[in-house]
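Quick notes on the structure that follows.
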Number of protein chains: 2
Amino acid sequence: MTDNSANNRNHANRQRVTSYDVARHAGVSQSAVSRCFKPGASVSKKMRARVMKAAEELGYQPNAIARSLISGRSNMAAVVISQKTTLYYPEILVELSQRMSEQGVRVLLFTLEHESDIDDLLDQVLQYQVDGMIVAARLSAQQIDAIERRGLPFVFYNRSFRDRQINAVCCDQTEGERWLVNRLVNAGHRRFGIISGPEDSAVSMERTQGALERLRELGVKQVAVAEGDYSYESGAAGLLTLRAEMGRIPDAVICANDVMAIGCIDAARHQLGISVPAELSVVGFDGVGPARWSSYDLTTVRQPVGRMTEAAVSMILERVENPDLQPEKRIFSGLMVEGGSARLD
Amino acid sequence: MTDNSANNRNHANRQRVTSYDVARHAGVSQSAVSRCFKPGASVSKKMRARVMKAAEELGYQPNAIARSLISGRSNMAAVVISQKTTLYYPEILVELSQRMSEQGVRVLLFTLEHESDIDDLLDQVLQYQVDGMIVAARLSAQQIDAIERRGLPFVFYNRSFRDRQINAVCCDQTEGERWLVNRLVNAGHRRFGIISGPEDSAVSMERTQGALERLRELGVKQVAVAEGDYSYESGAAGLLTLRAEMGRIPDAVICANDVMAIGCIDAARHQLGISVPAELSVVGFDGVGPARWSSYDLTTVRQPVGRMTEAAVSMILERVENPDLQPEKRIFSGLMVEGGSARLD
DNA sequence: TTGAAAGCGATACCAC
DNA sequence: GTGGTATCGCTTTCAA
């Protein structure tokens, strides 16, 4: 009785309604159906009404995959992001997705646990025919070359490249660190500890170098550096390392991100019984949510994440439309937040 | 001199290498090229070597879009997630992406700011021909019907539906809350405040109801409820509301998530000068990172997020392979964490 | 404005 | 094992 032939097809036996089905049902040509779903097409009012009714009745949705194949545009953009970045700045992903979807572009997500996985990943990105790519991860010069060779528009998020013409949006890490150092030195701090981020993080290195440079310029001699990995635990451990290295607790600790600053404060207060900011000043960088919690009230430089993602999205979409645009770097100043975690005068 | 014809095509003028190019360059048929890139295909060693060499030389990558069109499988899964969920549990997204990509499936991201946006969004999901969908957002019965009608496999993440056969993975909220209440009542607390999540959150409602039910069973009469929205600020505000409503500070406050519990603790300590846990016990739910920070050391129920995402991924992939599998609910117990934010004996 | 027909770049099936 | 050919569902000329 029942026709089972459809089930014999080896691929998805879920029934798909195509533009042909709609055309037949509406008694028009398939091209007409296609036109009705294309924004600026020339279709008569009557035709559109008829087609839309038929589409409604059959539950038709145009197949984006087929559209991509012929039009050469997938309306998808790749977002390549490392695990750490997602964990510390979850809002980036949400905002990117939100803003791009407003422009009719979807986010295809590529996360990397270890930055080494990136070569396979780039192959994947290219296979999926994304129209563009936003990269919040470290790429080697060769990898960047490879992307450019394929002609895929891309924008770096929060990494800059001094010697390369490239699209990037970032926060001025150096400027921010210099401000923090200025304030701390002005307030009389003389013995400094720095808790850096992981060595392979360009952002962390810029922050650390920015602070070191300014300290040197101001003639501050007593400076020790401990390496962290952006985590709470490494902030706590960093303080102990610094104390061991310097013989005693420094006057101020500059952390490469807020979560480490928080770890550092907690270690000072709860492990060492040291009062922050009375006996020790701690500053961070980035301005994540918990920085504002009243237990910490961090002095930090808040990155304008919203504006940065907005910029990244508009840059990538512009370049999808017009691949020949000149490379552009957009560098935002951070917002200086004078919290209660540091004595500033 | 130069041939500009390629540039006249209205779509991406970026040159694409196709399997035909590779075939010509290797002197074999196009089908042969295709087979070489298909895992279990029967190709001679010699042929494979030749094709791979040609592909390498031309920089060929198979076009996933074209593959999807004919094979009926896009190797993409939609992840529908609300803004709040991403912010509080960023690891969900990373883990989903990681685990799915290990299985050759990419995540197409759909975020919603307001849950009302969801109808347009479902249309979008369907257009992109994803193979399956993981939903960490609230859907109405009608919306679920619509998905089922389309035959798209889907799994709910951390929402359950008592009266519906549906795929879902979640954490047993009720069980967890009952445990918290048991411990608090056993320790002698008698006056309870509850800070709930937003009214439209099913998860929050389950937690709040679970606590209320157990309190009733144990004969606890003095209970007040304040509504929060999962944010730090609303946790702080909730405590003030409870105090106003009850005439004084309760013995214990049960918060529908950890961030509100943290807000509540900070408000108690820094705004009201109340000691936690000596004068007030506070418990949360979910076990986010900051719950372990030594300033808070929350008593909470940690959701096994890793196991839950693992389960969600395997459930969805199984159902992509075999759409006729029976609906299944996988309910994980939370991990009871006895932190220092509550007096438990 | 509408319809017919030619692709987009793969896979699947069929002979050989 | 290999090569030809139909096909996936749409957009896009091109005539009518």
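Just so we're on the same page: letters track the sequence lines, and every chain starts at 1.
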Practice problem: Would you mind reading off the distance between B:Ile70 atom CD1 and D:dC10 atom P, rounded to a whole angstrom? | Solution: 14 Å
Exercise. Calculate the interatomic distance between A:Ile65 atom CD1 and D:dT11 atom C1'; express it in whole Å.
Key: 15 Å
Which of the following nucleotides, [options], is nearest to the side chain of [X]?
X	options	value
A:Tyr60	D:dT2, C:dA10, D:dC10	D:dC10
B:Ser34	C:dT11, D:dT2, C:dA10	C:dT11
A:Arg67	D:dT2, D:dT11, C:dG3	D:dT11

Does [X] make a side-chain N or O approach to OP1 or OP2 of [N] shorter than 4.0 Å?
X	N	answer
A:Ser44	C:dT2	yes
B:Ser71	C:dT11	no
B:Lys38	C:dA12	yes
A:Ser29	C:dG3	yes
B:Ser19	C:dG9	no

Under 4.0 angstrom, heavy atoms only, what part of the nucleic acid is [X] near: base, sugar-phosphate, or nothing?
X	answer
B:Phe37	nothing
A:Val43	sugar-phosphate
B:Ser31	base

Self-check item: Whichever of B:Gln61 and B:Arg35 has its nearest DNA chain C nucleotide further upstream toward 5'
Solution: B:Gln61
Exercise. Look at atom CZ of B:Arg164 and say whether more than 12 heavy atoms of other residues, nucleotides or ligands are closer to it than 6.0 Å.
Key: yes
Quiz item: Is atom CD of B:Glu102 surrounded by more than 12 heavy atoms (other residues, nucleotides or ligands) closer than 6.0 Å?
Solution: yes
